[in-house]
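So the structure is just underneath, and the comments pick up after that.
Both counts, for ligands and for their atoms, begin at 1 and track the order of listing.
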Amino acid sequence: MFFRFLALGAIVTSSLATPTVRLSFASFHPTTNEPLQFNMTYYLESHIPLVESLWGPQGAASWDIVEFQNPDPFTGESPPYLFQSTVNWNASQDKIIKAVLDNVPVTGPDVDRFSNIQPIIWYGNITAGGIVTLKN
Ligand SMILES: *[C@@H]1O[C@H](CO)[C@@H](O)[C@H](O)[C@H]1NC(C)=O
Ligand SMILES: *[C@@H]1O[C@H](CO)[C@@H](O)[C@H](O)[C@H]1NC(C)=O
Ligand SMILES: *[C@@H]1O[C@H](CO)[C@@H](O)[C@H](O)[C@H]1NC(C)=O
């Protein structure tokens with residue numbers, strides 16, 4: 001991936017959009033309404049190394065996970081999702097979809113070891129981003 005820095009104030013645009021896979025864990029189970037249980041220790045110590053070993057050779061390049069504050073400090077309510085992980089790739093869309101789907105028989109059951117809810121998964125390209133700079 002390479003990034004082109006344009007002379008448009010703070011806007012940094014990517015001329016080759018980075019593909020990203022986002023996995024979101026709902027606060028409540030969609031059918032049973034059970035609250036989410038999520039074992040971060042297992043996630044970090046076992047799930048991430050497993051996923052890195054499966055997706056890394058296919059082009060997974062970086063990841064992070066956000067834990068949303070509950071209650072949401074903006075609304076005072078329980079947020080719809082409690083965790084969201086992001087995996088950015090250096091690979092074509094076809095290769096990414098195949099890498100993810102081919103490994104579901106391994107990654108799916110492993111999710112059951114740290115969460116009682118399977119994540120919702122989204123695919124997209126990071127279209128633009130920026131670093132904020134303050135002007136006089
Ligand atoms: C992405 O992959 C290409 C081709 O395999 C490689 O040349 C390039 O260095 C990689 N970029 C990053 C950011 O990993
Ligand atoms: C979370 O996972 C860790 C590591 O596998 C395990 O030792 C611990 O017992 C788990 N905690 C719960 C509440 O299941
Ligand atoms: C993301 O990029 C891929 C490869 O360049 C392209 O095939 C796909 O249509 C793009 N998707 C979106 C939502 O822009």
- Item | Distance-only side-chain donor-acceptor flag, Glu52 / Trp63, under 3.5 Å | yes

- May I ask you to check if ligand 2 and Asn39 share an N or O to N or O distance below 3.5 Å? yes

- Query: Does the pair Asn70 and Glu77 meet the rule for a side-chain hydrogen bond (donor to acceptor under 3.5 Å, both in side chains), with working shown?
  - Reply: CA-CA 7 Å; Asn70 187 18; Glu77 293 172 6; over 6 Å; no

- Under 4.5 Å between any side-chain heavy atoms of Thr20 and Asn125, yes or no? no

- What protein heavy atom sits nearest atom 5 (O) of ligand 2, and how far away is it? Tyr42 CD1, 3.4 Å

- State whether the shortest distance between N or O atoms of Tyr123 and N or O atoms of ligand 3 falls below 3.5 angstrom. no

- Message: Can you name the atoms of ligand 3, numbered from 1 with element, that are less than 4.0 Å from a heavy atom of Asn125?
- Response: 1 (C), 2 (O), 3 (C), 8 (C), 10 (C), 11 (N), 12 (C), 14 (O)

- Query: Of the protein's non-hydrogen atoms, which lies at the shortest distance from atom 4 (C) of ligand 2, and what is that distance?
  - Reply: Thr41 CG2, 4.0 Å

- Test item: Asn116 side-chain N/O and Gln37 main-chain N/O as donor-acceptor pair under 3.5 Å: yes

- Query: Are any of the protein's heavy atoms under 4.0 angstrom from atom 7 (O) of ligand 2, yes or no?
  - Reply: no

- Mind checking whether Phe25 and Tyr81 have ring centres under 6.0 Å apart? no

